[in-house]
Amino acid sequence: MNGFNNSPSLVLFPAVDIAGGKAVRLVQGEAESATSYGDPVEAAQEWAGQGAEWIHLVDLDAAFGRGENRQTIKRVIKAMKGVNVELSGGIRDDESLERAVDAGVKRINLGTAALENPEWAAAVIARYGELIAVGLDVRGTTLAARGWTQDGGDLWEVLERLEHAGCARYVVTDVTKDGTLRGPNLELLQQIMERTDRPVIASGGVATLDDVRNLRGLVPEGLEGAIIGKALYSGVFTLSEALDVAR
């Protein structure tokens, strides 16, 4: 128990997914399942007011290749005084990556590009180091790409390649759990943490404070944080309550 108490806290990342300039939530990443929750800036400010140290920002339109929300993202970052912002969605080349850096994000999560353009991803990882995380979006042991609409290769083969490239951290999503409030895939997280000494961030399925507590228990094994979306927007628990459990 002493080891648990002395281990670092689980970092919580409240999610703000943006489509058409609005904060939305999807079920299992399906575009047609979107539920709108209003202004992304207000959503981010709500989580910051409850004690968030990070905001997980996703440009869904860029992820699905149907546009982008560049100005809205800039507004969110500008409003987040003292709160770090990480960005996912549609970052697939030097131009989009540098635009994100210039906007002031503190971390960039690569998704499809890390699967489809491994040479570029390796070069970016080497250049930017801790700024870059790679999202491993998983169905079974198959990765999902292009806004989760296409297969992206074998999880373990891609993880081995990214380890060789020196990836700083991984964001692991069980696509079948995301937005479903069915609990995180603890087994998948443990399997990945057994194969890397890099920090891992869990994403998808968190439904209860017990889920947060279970993820907190994985911190000594290498889990750094957890992204939480629908449970917060649905009012299942507050971010303040979750942060108390995560410490």
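A salt bridge links Glu130 with Arg169: at least one charged nitrogen is closer than 4.0 Å to a carboxylate oxygen.
For the atom pair CG of Leu10 and CZ of Arg247, the computed distance is 11.5 Å after rounding to the nearest 0.5 Å. Here the CG-CG distance, from Leu143 to Asp154, works out to 7.5 Å after rounding to the nearest 0.5 Å. Taken to the nearest 0.5 Å, the CD1 atom of Ile91 stands 5.0 Å off from the CD1 atom of Ile108. For the atom pair CG of Asp17 and OG of Ser88, the computed distance is 9.0 Å after rounding to the nearest 0.5 Å.
Applying the salt bridge (charged side-chain N to carboxylate O under 4.0 Å, His left out) test to every pair with at least one member in residues 41-62, sequence neighbours left out, gives these pairs: Asp61-Arg66. Residue pairs meeting the salt bridge (charged side-chain N to carboxylate O under 4.0 Å, His left out) criterion with at least one partner in residues 94-105, sequence neighbours excluded, are Glu95-Arg99, Glu98-Arg127. Applying the side chain to side chain donor-acceptor pair (under 3.5 Å) test to pairs two or more places apart or on separate chains, those with a residue in residues 157-166 are Glu163-Tyr170, Glu163-Thr196.
Not a single donor-acceptor pair under 3.5 Å links the side chain of Arg182 to the backbone N or O of Gly205. Distance alone, capped at 3.5 Å, is enough to place a donor-acceptor pair between the Thr208 side chain and the Asp210 backbone. Remark: the backbone N or O of Leu218 is not paired with any side-chain donor or acceptor of Glu221 at under 3.5 angstrom. Proximity of a side-chain donor or acceptor of Tyr233 to a complementary backbone N or O of Ala15 within less than 3.5 Å is detected.
The closest side-chain heavy-atom distance from Val219 to Pro8 is below 4.5 Å. A 4.5 Å side-chain heavy-atom check between Trp156 and Ile192 finds at least one atom pair inside the cut-off. Using a 4.5 Å heavy-atom cutoff, the side chains of Asn84 and Glu86 are not in contact. Within the 4.5 Å cutoff, side-chain heavy atoms of Arg92 are placed close to those of Thr112.
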Exercise answer: donor-acceptor pairs, residues 70-83 side-chain atoms, under 3.5 Å, sequence neighbours excluded:
unit_1	atom_1	unit_2	atom_2	d
Arg75	NH2	Asp39	OD1	3.4
Lys81	NZ	Lys78	O	2.8

If you apply the rule side chain to side chain contact (heavy atoms under 4.5 Å, CB included), what do you find for Val138 with Asp174, and how did you get there? CA-CA 5 Å; Val138 187; Asp174 181 340; 5.7 Å; no
Verdict with reasoning, Asn185 to Val172, per side chain to side chain contact (heavy atoms under 4.5 Å, CB included): CA-CA 10 Å; Asn185 189 335; Val172 179; over 6 Å; no
Leu162 and Ile125: side chain to side chain contact (heavy atoms under 4.5 Å, CB included), yes or no, with the steps? CA-CA 9 Å; Leu162 291 167; Ile125 288 167; 4.2 Å; yes
Does Asn109 form a side chain to side chain contact (heavy atoms under 4.5 Å, CB included) with His56? I'd like the steps, not just the answer. CA-CA 10 Å; Asn109 294 340; His56 177 73; 3.4 Å; yes
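Residues Leu155 and Leu115 share a hydrophobic cluster, clusters being chains of Ile/Leu/Val/Met/Phe/Trp/Tyr side chains in contact below 4.5 Å. At a threshold of 4.5 Å between side-chain heavy atoms, the hydrophobic network of Ile, Leu, Val, Met, Phe, Trp and Tyr places Val171 and Leu189 in two separate groups. Hydrophobic clustering of Ile, Leu, Val, Met, Phe, Trp and Tyr side chains at less than 4.5 Å, counting indirect connections, keeps Val11 apart from Leu186. Ile227 and Leu110 fall into different hydrophobic clusters, where Ile, Leu, Val, Met, Phe, Trp and Tyr residues are linked whenever their side-chain heavy atoms come under 4.5 Å apart, directly or through other members. Leu188 and Ile201 fall into different hydrophobic clusters, where Ile, Leu, Val, Met, Phe, Trp and Tyr are joined by side-chain heavy atoms under 4.5 Å apart, directly or via other members.
Ala121 approaches Ala114 most closely through the heavy-atom pair CB-CA, 3.8 Å. Of all heavy-atom pairs between Gly89 and Ala62, the closest is O-CB, 3.5 Å. Pro199 and Ala168 get closest at one heavy-atom pair: CD-O, 3.2 Å. Met193 and Gly222 get closest at one heavy-atom pair: SD-C, 3.5 Å. Residues Asp211 and Gly183 approach most closely at OD2-CA, 3.6 Å, considering heavy atoms. Closest of all the heavy-atom pairs between Leu215 and Ala226 is CD1-CB, 3.8 Å.
Take Phe237 and apply the ring pair (Phe, Tyr, Trp, His ring centres under 6.0 Å) test, not counting sequence neighbours, and it matches no residue. By the side chain to side chain contact (heavy atoms under 4.5 Å, CB included) test, Leu239 pairs with Leu12, Pro14, Trp47, Gln50, Ala52, Leu232, Leu243, sequence neighbours left out.
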